[in-house]
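Please read the structure below before turning to the comments.
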Amino acid sequence: MNTKVKKVMIVDDNEFDCYITSKIINNLDPTVDIMEFNSSLTAIGYLEEFQNSPEKLPNLIFLDIYMPILDGFDFIEKFNELSGVIKEYTKICILSTTVDDLYIHKARVNESILFTSKPITKEFIQGIFN
């Protein structure tokens, strides 16, 4: 697989969802470096620390909406406060089980953010990677 995505961050408090997403990515391209965070606070802390170091940043973040303490939308707000380096380098894809039209609309307001429903599919990931 010829891909520009070299590093992926998965931010989801559900360990099983992290595992499934990691497995699909790894099966499509075993060379992709995958970082899993079950805490959105820990994930945003990592990004804050390395926001000006592209070699440590993910090209793509798979982000769950429903998480304790810092939900996906709050994560995006904090992400948007980071340096221009990270915002140019990293793309966000929201993952959600929601069927609530309000959340879906809110997720799709920012055209630079991708959105898909869980469970994530191999075809969706292939579409991003190609």
Open item on the list: Do N27 and K122 have side chains that approach each other closer than 4.5 Å (heavy atoms only, starting at C-beta)?
Closed with: no
Practice prompt. Could you walk me through whether C93 and L63 pass the side chain to side chain contact (heavy atoms under 4.5 Å, CB included) test, one step at a time?
Written response: CA-CA 6 Å; C93 178; L63 177 66; over 6 Å; no
Quiz prompt | Carboxylate-amine/guanidinium contact D17 K118, below 4.0 Å | solution = yes
Checklist entry - Taking C-beta and beyond as the side chain, do V8 and M35 meet within less than 4.5 Å on heavy atoms? => result no
message: Apply side chain to side chain contact (heavy atoms under 4.5 Å, CB included) to residues Y89 and N59 and explain how you reach the verdict.
response: CA-CA 6 Å; Y89 191 80; N59 306 105; 3.4 Å; yes
* Any chance NZ of K78 has more than 12 other-residue heavy atoms, nucleotides or ligands included, within less than 6.0 Å? -> no
Separation between CD (E81) and CD1 (I76), nearest 0.5 Å, reads 12.5 Å
In this structure, CZ of F62 is separated from CD1 of I24 (nearest 0.5 Å) by 9.0 Å
Do M9 and F37 pass the side chain to side chain contact (heavy atoms under 4.5 Å, CB included) test, and can you show the C-alpha distance, the side-chain angles, and the key distance before you say yes or no? CA-CA 7 Å; M9 175 184 280; F37 288 87; 3.5 Å; yes
Practice item. Check whether any side-chain heavy atom of V32 sits under 4.5 Å from a side-chain heavy atom of N26, and report yes or no. Key: no
Under the 3.5 angstrom rule, does the side chain of S39 hit a backbone N or O of L41 as a donor-acceptor pair? yes
- Determine yes or no for a side-chain-to-main-chain donor-acceptor pair under 3.5 angstrom, with K87 supplying the side chain and L82 the backbone. yes
> With no hydrogens and no angle check, is any side-chain donor or acceptor of Y46 less than 3.5 Å from a backbone partner on K56?
Replying inline: yes
Rounding to 0.5 Å, atoms CD (E15) and CD1 (I20) come to a distance of 12.5 Å
query: Taking C-beta and beyond as the side chain, do F73 and I94 meet within less than 4.5 Å on heavy atoms?
result: yes
Between I10 and the options I120, I61, I34, L95, the side-chain contact (heavy atoms from CB on, under 4.5 Å) test singles out I34
Legend entry - Residues L28, Q126; criterion side chain to side chain contact (heavy atoms under 4.5 Å, CB included); working and verdict: CA-CA 8 Å; L28 290 172; Q126 280 177 321; 3.6 Å; yes
**Item:** Check: Q51 side chain, E48 main-chain N or O, donor-acceptor pair, under 3.5 Å
**Value:** yes
query = Can any side-chain N or O of N38 pair as donor or acceptor with the backbone N or O of V11 at less than 3.5 Å?
reply = no
dist I113:CD1 -> I92:CD1 (nearest 0.5 Å) comes out at 5.0 Å
Taking the side chain as every heavy atom from C-beta outward, state whether I25 and D29 have any atom pair closer than 4.5 Å.
-> no
Quiz item: Is a side-chain N or O of S40 found less than 3.5 angstrom from the main chain of D71, in a donor-acceptor match?
Solution: no
Separation between OG (S83) and CD (E88), nearest 0.5 Å, reads 8.5 Å
Value for CG (L47) from OG (S53), rounded to nearest 0.5 Å, stands at 11.5 Å
*asked:* With a 4.5 Å cut-off on side-chain heavy atoms, are D13 and Y66 touching?
replied: no
